[in-house]
Amino acid sequence: MSAFEELGICPEIIQAVEEDDWLLPTPVQQEAVPLILGGGDVLVAAETGSGKTGAFGLPCLQIVHETLRGKCSTRKANASNLKCELNLNDKDMFVLVTEDGMECKSEDDKRWNGIRATLDIMKGKYMFEVEVVEGMVRVGWSAGFAKLELGIDDKSFGYGSTGKKSWNRKFEDYGEPFEEGDIIGCMLDREKQTISFSKNGRDLGVAYKLSPDMQGIGLKPHICGKGFMAAAKFDGPMEYPVEGYVPVGEIDPTHTPQGTSQAKGKRPPLCMILEPTRDLAEQTYKCMTTFNKYLDNPTVRITLFVGGIDEKEQFRALEEGVDIVVGTLQKLMDYVRRGKLDVTHLKFLVLDEADDLQKKDDRKEIPRLNAQIKRGRRDRVQTLFFSATLHTPEVKQMIEDITDRPIWVDLKGKDSVPETVHHVALYIDPYQDLQWSDQEIAVRAKMPKEQPELDGVHSKQSMSAIDSRHPEALKLSEKIKIMKPKMAWKPRDVKCLLLCFATAGRQRQVQDSARRCIYYLNMIEANRRKAI
Amino acid sequence: MSEIKRSFNDEMGFLKREDTTSYSIRPGFVQGMNVPGKFYVNDQLERLMLDELRSFSRQSNNAGGFLPAVKQIGNVAALPGIVKHSIGLPDIHSGYGFAIGNVAAFDMGLPEAVVSPGGVGFDINCGVRLVRTNLLFSDVLPVKETLAQSLFDHIPVGVGSMGIIPTKEQDLEEALQIGIDYSLREGYAWPEDKEHCEEYGRMLNADPGKVSSRAKKRGLPQLGTLGAGNHYAEIQVVDEIYDEFVAKKMGIDQKGQVCVMIHSGSRGLGHQVATDALVDMERAMTRDNIRTNDRQLACARIHSDEGQHYLKAMSAAANYAWVNRSSMTFLTRQAFAKVFNQSPEDLDMHVIYDVSHNIAKVEEHQVDGTCKQLLVHRKGSTRAFPPHHPLIPVDYQLTGQPVIVGGTMGTCSYVLTGTDKGMRETFGSTCHGAGRALSRNKSRNNLDYGDVLKRLEDMGISIRVASPKLIMEEAPESYKDVTQVVQTCHDAGISKKAIKLKPVAVVKG
């Protein structure tokens, strides 16, 4: 049995790494692999060359493979994976949406501005509710390609606050007017192909019967208005539930193209590995391909996305389906923005050398990418940070923003290389500054017989002029000797002294350094006098 | 390995059923066996054991890597300096080099005798400790969830977690050097705790200087943490008492009495010590011309520098594990004290015993009528000394050493005692737990963690886990039946059943 098996790695991957002569896991692998396989967000701080690539590569590859085989219990998660929310990318410019995609508003009181939700409804009976907070509002359903002003073309069906229903620029009386505080229910029945509305739970009757040419077109929840503010409710329980209708948020994935896209045989990537540079991306890609050697039924497809490679080639790979993408942030972000790379099924986001990813102008890009990935879904995206150090405030902030109860694997410990070096100039007058003095030692210093033994390196045969005047100084020299028993330089030759102390900003160390300064200055002063 | 592939029937020719609970393995089963092998199974466990061998003999030659536990027993029997038998206990399953559940003793008097880190395992001095209370199940039932949560909040779990007991580098050095005496000095352990630990909680030959700085770096933040994998802290109640006298000696006087079991080891530090030694010993093997059947059986002569180096570092790691378990005992006592608003002393939270099941120790045993000094490797196996043995505490002189066998999550655990027969047959060793039946990877694929959690809930077990998916690997289905394992040991006479415990709350990494 291999030592890797103890971590839960599958035999195919073990065989691949053993051929590479990886017989024993490195510390970072031993600690991180079970945690990643365990399904949590993991933050790893370990030195370069400590086997980090393996630490995330092996478990990611294994879980992706398990997922592809459908043996990992993810099916249940898939059913409720779809989340309905107002779509940031499908709205008029003046409409503002809250982070959770549930509330929207527009200050523009001249024109009608609209926004649609994410899900297309093809089958079933679904409803959502809109609470009017203020202004003129029109709510209803529309096709994804209809105009954003609801009810002005033949692909959208609205009900406005003036008590009119609107379709194809025709405004007809329907129901009754509504105003601030009212809750409007919007029901879509794709079995009977009807649209109806309710006001505060009172059914207003069928507003539209869909024409046959509309029946094959998906409809999305739609809100539009003038100088308005409204809150949508897609998830149950509804304020005023209507029998037979299910909240849009609880949609059966087979009732919407968004839910069935995976079933169509397209293979969007499951794992994204971000690297700060092209070289690193290539290295990681190579490693991943090696680990992947023996995995089959099905094989895991890994593709490298960096600049300087023929784009056509990469697009073709994407068409065919990719499971793991390795690349630089810029390139991947570019593809995501251009809609070439579908990130809606991602299960893993790995940030390798996370602090390097932070250093460039990418600081804002990562949260943006993260938001893109996590939009419109309920399942977790396992986020992994790997880096030599994760202790800078920026990285910490990012970790807080995009991970969920992460577990630390800190093999680097707190004594990592300091992020910053502070230069401090402290002027000390050894004659005046006696804040470090200690009564007890001062008493002892006055009784020369009880002097500690001198070590010969900083020999002080007798008390110097300064010492006799300031017996406290002796106590200091003892302490210094304990701290640093040998000094390689002769203070007498020193003209200018630059004292450098490595402190990690702890109170104690700073105080000690100050004491040492005073001591060295004392010594120099004494020696100079001797020389004169 | 250039061994010829044999059919399953040919393989079986080397195995012989000795009696209802044991098999012997004739030399020749693998090449170069110095002594015969032996393993303990009953009818149910036999099937698992032989199925493994059957699928191995069907395997094509180049499908490398996997070796069944029986073959591993054989490979260990081929190591230089081994005496009597290479022994497999009922819970045996394949491991790195040595099978887990393998006992092997090497004669310290022979210059060629070896020590092998694979015979100890990566988690050095992984062990189980049982703490009793004077509470009854009826006292715990109303506050069960609170108690489980309190325990989870107190004990740092998970691989990456940091201990909450402050430790500095100097503390670590001392912990490595003096083991439980460090906990005692710092006030985390009671003096009675030390009395009830194997080796009194401190290996005297420990040398922290032999522990690499890398290992220390890993160990420092993890001191006092539970760790992931099969480690756990469990609140259990006494389910059955087989031997009233023995139970009384342990302070258990009735069914329903509540105990706490802590299963943990030496964390990253032990793992690093083992890894360092394995690398080190590969070199020594070429120098001393030691040949083994399996590359994973890296070893070095006991008296060589590498061997001594490893033994000292291993002892230091063992000390670390005791400090670790002591720290968690302290936290457990705190958690109970807070929930019941009584001091741990008033709750009578004494350690019943603390056993190590991954360790190598120098012990004296009778071999062919003479007393010999042996280095006994116990990997996934617990020491079980008989009554009147000088190395067991005064309290247990009449009963024999308590052996704590932790079952899997959701099944049951046992307390056994050592016997004279065990001393003669297995170098005073017995089983350590249930033993895996499925590899971790197989469990991942065959089980669903939602189901596993649900089942535990249905059984009335409160559970707190840090990484949910890991529990598939620890589900009862992944393990052998602990009751069968214990029964086999009992029937074979290598240890005796005393108490059975069943869990009511589990905290895991």
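Order of the sequence lines sets the chain letters (A, B, ...), proteins ahead of strands, with each chain counted from 1.
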Report which part of A:Leu23 has an atom under 4.5 Å of a heavy atom belonging to chain B: side chain, backbone, both, or neither. both
Need one label for A:Ile9: side chain, backbone, both or neither, based on atoms under 4.5 Å from any heavy atom in chain B. backbone
Provide the closest heavy-atom pair for A:Pro27 versus B:Gln272 in the form atom of the first, atom of the second, distance. CG-OE1, 3.0 Å
Could you tell me which non-hydrogen atom of A:Gly51 sits nearest to which non-hydrogen atom of A:Thr26, and how far apart they are? CA-OG1, 4.1 Å
Chain A contact via B:Arg436 - which portion, at a heavy-atom distance below 4.5 Å: neither
Does the distance from a Lys or Arg side-chain N to an Asp or Glu carboxylate O, for B:Glu306 and B:Arg283, drop under 4.0 Å? no
Is any NZ, NE, NH1 or NH2 atom of the basic residue among B:Glu474 and B:Arg440 found under 4.0 Å from an Asp or Glu carboxylate oxygen of the other? yes
